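Beneath this line is the structure, given in structure tokens, with notes to follow.
Just so we're clear, the structure is a prediction, and the values are computed from it rather than from any experiment.
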Amino acid sequence: MSNSAIDVPSRGGFSFDLCRRNDMLAKKGVNLPSFRKTGTTIVGLIFQDGVILGADTRATEGPIVCDKNCEKIHYMAPNIYCCGAGTAADTEAVTDMVSSQLQLHRYHTGRESRVVTALTLLKKHLFNYQGYVQAALVLGGVDCTGPHLHTIYPHGSTDTLPFATMGSGSLAAMAMFESKYKEGLTKDEGIQLVVDAICSGIFNDLGSGSNVDVCVITKGHKEYLRNHLLPNPRTFVNAKGYSFPKKTEVLLTKITPLRERVEVVEGGDAMEE
Amino acid sequence: MESIQAKQGLVGPNDPIQRTQLPYVTGTSVVALKYKDGILMAADMGGSYGSTIRYKSVERIKPIGKHSLLGASGEISDFQELLRNLDELILYDNMWDDGNSLGPKELHSYLTRVMYNRRNKFDPLWNSLVLGGVKNGQKYLGMVSMIGVNFEDSHVATGFGNHLARPILRDEWHENLSYEDGVKLLEKCMRVLLYRDRSAVNKLQIAKITEEGTTISQPYALKTFWGFTAFQNPTAGAEGSW
């Protein structure tokens with residue numbers, strides 16, 4: 001056994017040792033399992049009072065749909081939400097991490113979080129990992145400086161846009177946006193346009209499907225409309241329903257509620273520090 | 001055709017195989033749809049040389065015979081070769097002088113065979129073709145790709161048009177579009193392509209074919225809008241960011 005006398009503290013960043021092992025295994029014919037990706041359509045647009053985010057709900061593992069109704073609009077702060085496309089684990093982890101960093105920051109400063117804070121934290125993390133954290137995000141929110149909408153790419157670059165789409169269905173959704181977007185949309189027009197764009201992704205892109213989630217963020221108020229539209233109902237449902245085959249006959253049904261076996265003493269010994 | 005076989009005969013048995021391996025001067029998407037009286041087809045006039053837009057007056061839609069329009073994206077030289085082939089075909093057909101002429105269905109079938117056979121010889125014509133026409137009141141619109149995939153539909157697009165224009169057409173196309181509505185719909189698609197396809201140029205032609213005949217419009221440019229407030233000062237609220 002080799003003696004690594006002193007453990008050198010890790011320099012941070014991604015450790016590529018296992019990549020060498022993976023290459024060796026791949027040469028021997030053992031392939032990696034495919035990633036669970038959210039092959040996706042996610043969109044965001046700025047309307048007159050704030051930001052509307054939209055997403056489809058299909059998660060794929062290669063050619064198979066592994067989750068028909070997943071949530072792609074992640075909570076970052078009470079006034080900031082983030083849609084994620086790419087590897088599902090990466091989008092979940094990175095948005096969770098930045099969300100908790102934002103909360104700590106809120107406690108520290110005593111103020112509402114700003115969208116650019118979330119943007120900078122995400123951008124720093126993704127650039128640090130040089131694109132290996134495959135998360136493509138649409139970040140939107142309303143803070144004291146107004147409504148903001150940003151896209152963040154896996155390598156860490158960002159854009160600030162009036163309307164944005166990401167994911168495999170982004171071209172289909174962008175076609176809808178480019179032809180129908182105008183400034184000063186009302187809330188209903190905005191929601192309709194977002195729904196149109198996501199439906200365009202759902203029906204024209206193979207990596208997107210199932211239902212439409214929408215999130216409307218305005219000053220001081222947010223509406224998370226989970227499954228706002230269900231355009232893909234099950235076409236054939238068995239009218240008989242399920243009936244499990246009867247194997248064991250039930251002779252007697254008696255229910256005895258459990259009694260408390262431990263007595264709880266109010267105002268007992270205080271815990272030691 | 002005899003001319004191609006003669007050319008191939010000049011290649012000796014020990015010479016390396018010559019084939020189209022990479023496209024050089026390429027055209028971008030073509031979009032077409034059926035409307036009330038016939039077919040409308042639109043294509044811009046750009047010929048890109050890699051990432052440069054080298055030629056800005058390439059006519060990528062041509063009338064073939066009396067009844068059809070052919071639009072092509074991909075390698076321009078292969079398109080010109082095809083046009084020469086089709087010219088010979090139409091000529092021979094006219095020489096029969098039997099009152100019958102090749103319609104869009106026949107041309108589509110011919111093009112499919114040509115493309116598929118070239119692909120089987122590992123020497124493809126690097127094009128995606130859109131063939132539209134009207135004969136005896138019957139409208140026909142079809143597409144052939146460089147590997148010989150062919151199909152017929154009410155609206156087709158090549159290249160980027162598949163991703164950007166088809167969703168719009170699937171949403172907004174309906175039977176019996178009037179000429180003005182058809183042109184508006186095509187212009188909507190071409191505008192999105194102009195915004196989002198890097199090899200698009202703002203100079204396009206719209207071609208119309210009906211029972212009466214073919215018209216290819218003069219080249220013109222689409223109006224674009226770049227004045228969104230978010231573009232004016234994108235980093236307001238985050239000085240120094242981008």
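Ring geometry for A/H148 against A/H150 counts as parallel: the plane angle stays under 30°, on a 0 to 90° scale with 60° as the upper cut.
Summarising the geometry of B/G132 relative to B/M41, their closest heavy-atom pair is N-CE, 3.9 Å, with the distance given to 0.1 Å.
For A/F163, the part lying under 4.5 angstrom from a heavy atom of chain B is the side chain only. Contacts of B/E172 with chain A are made by side-chain atoms alone, with heavy-atom separations under 4.5 Å and no backbone atom involved. If you measure heavy-atom distances from B/F160 to chain A, the contacts under 4.5 Å come from the side chain alone. Of the atoms belonging to B/R170, it is side-chain heavy atoms, and not backbone ones, that fall under 4.5 Å from chain A.
In this structure, the ring of B/W126 has its center no less than 6.0 angstrom from the ring center of B/F79.
Counting heavy-atom pairs closer than 4.5 Å to chain B, the top-ranked of the candidates A/S200, A/S179, A/G169 is A/S179.
The pair B/K34-B/D153 fails the salt-bridge criterion, with no side-chain N (NZ, NE, NH1 or NH2) lying under 4.0 Å from an Asp/Glu carboxylate O.
More than 12 heavy atoms of other residues, nucleotides or ligands lie within 6.0 Å of NZ in A/K219, so this atom counts as buried by the packing criterion.
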